[in-house]
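Counting convention: from 1, in listed order, for ligands and their atoms alike.
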Amino acid sequence: MICNDRETLRVMVEEANKLTKHGKVADYIPALKTADRDALSIAVYEEGTCASAGDIQEKFTLQSISKVLSLALALMDNGEEEVFSRVGMEPTGDPFNSIIKLETHSPSKPLNPMINAGALSVTSMIHGGSVEERLGRLLTFIHELTGNPSISYNEEVAKSEYETADLNRALVYFMKQHGVINENSETLLELYTKQCAIEVNCEDLAKIGYVIANEGLHAESQRPVIPLHIARILKTFMVTCGMYNASGEFAIRVGIPAKSGVSGGIMASVPHRVGIGIYGPALDEKGNSVAGMQLLEVLSQRYDLSIF
Ligand code: GLN
């Protein structure tokens, strides 16, 4: 078990930390600019125990990791048929915020739920009468998954992204024109940016990763919180699209279903075994945590975690 080997985890973090100088903190969302480039922490959750290294109290926003959770909720709300009529199942090979395939593909529904266009379409399917109610339902779901009822969203990060999200606005307008999205653009952008600004720490992330790894059963109570078939869909998208246009290389090097976000978070789910949460805000050019990916690669090798 990884959790019996805390010293190894500490050494791995220390080694991977040397890579942060090769990365850059995301700055296209102004409020993310102030993150400490050299931070690196990890929490590993397995069979009711948790091991960690680095400053795991540090909070960060989910950003694209939230796409996995909004997809789970949208699937529970609407069923597979409805959801996949408005978002596809195929990887793109393009950056997460690209617009190009919306125009070149017919019909112009986004290719998958892990790119921004797809996630915007998915978020528009979360049920509820207002932004507050829909965000509240997502937060309640996350409270259930983590057992941490204090999780909320960071208002400053949400506002900062909302005010600068012109590319995401463009994606929404394009999809509205093509009938993929049917709601008010600003309402959707408000919900999406608040969803992306939900704030967690590594331990919360490791617990969510564990539920997804554990067929949707709660980490402590073993109660079903995500239906089995949905947990499988989430893991599959994490493998094929979770690390944006680096998903293929990541599958070969690491072989663990994972989802990253531009705040520097990575959530990973080793089926039936482990949930992992990482925070390392220094990103590579594709928007993935440089040190976080290295950490997952050495962990995967040492504990034979690849699913392939
Ligand atoms: N909120 C971010 C955006 O829409 C999420 C992107 C990401 O983490 N890759 O641009």
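Of the listed options Gly264, Gly265, Ser64, Ala26, Ser64 places a heavy atom closest to atom 6 (C) of ligand 1.
Scanning all protein heavy atoms for the shortest distance to atom 3 (C) of ligand 1 gives Glu161 OE2, 3.1 Å. Scanning all protein heavy atoms for the shortest distance to atom 10 (O) of ligand 1 gives Tyr28 OH, 2.6 Å. Regarding atom 9 (N) of ligand 1, its nearest protein heavy-atom neighbour is Tyr244 OH, 2.6 Å.
In this structure, the side chain of Arg273 does not engage the main chain of Leu305 through any donor-acceptor pair within 3.5 Å.
Listed by number with element, the atoms of ligand 1 under 4.0 Å from a non-hydrogen atom of Cys196 are 1 (N). Every atom of ligand 1 is numbered from 1 in the order shown, and the set under 4.0 Å from a heavy atom of Tyr192 is 3 (C), 4 (O), 5 (C). Distances below 4.0 Å separate heavy atoms of Gly261 from the following atoms of ligand 1: 8 (O). With ligand atoms numbered from 1 in the order given, ligand 1 contributes 3 (C), 4 (O), 6 (C), 10 (O) to contacts under 4.0 Å with heavy atoms of Asn116. Per-residue contacts place Asn168 under 4.0 angstrom from the following atoms of ligand 1 (heavy atoms of the residue considered): 3 (C), 4 (O), 10 (O).
Ionic pairing of Glu186 and Arg169 is present here: one or more N-O contacts between side-chain nitrogen and carboxylate oxygen are shorter than 4.0 angstrom.
The only member of Glu155, Glu156, Glu163 that meets salt bridge (Lys or Arg N to Asp or Glu O under 4.0 Å) when paired with Lys159 is Glu163. When the options Asn112, Asn116, Thr123 are evaluated for a side-chain hydrogen bond (donor to acceptor under 3.5 Å, both in side chains) with Lys67, the one that passes is Asn116.
Using the six-membered ring where Trp is involved, Phe60 and Tyr279 have ring planes that are parallel, under 30° apart on the 30 and 60° scheme.
More than 12 non-hydrogen atoms from other residues, nucleotides or ligands lie less than 6.0 angstrom from NZ of Lys101.
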Passes salt bridge (charged side-chain N to carboxylate O under 4.0 Å, His left out), Glu285 versus Lys24? Steps please. CA-CA 8 Å; Glu285 67 292 344; Lys24 249 183 97 230; over 6 Å; no
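The shortest N or O to N or O distance between Val262 and ligand 1 is below 3.5 Å.
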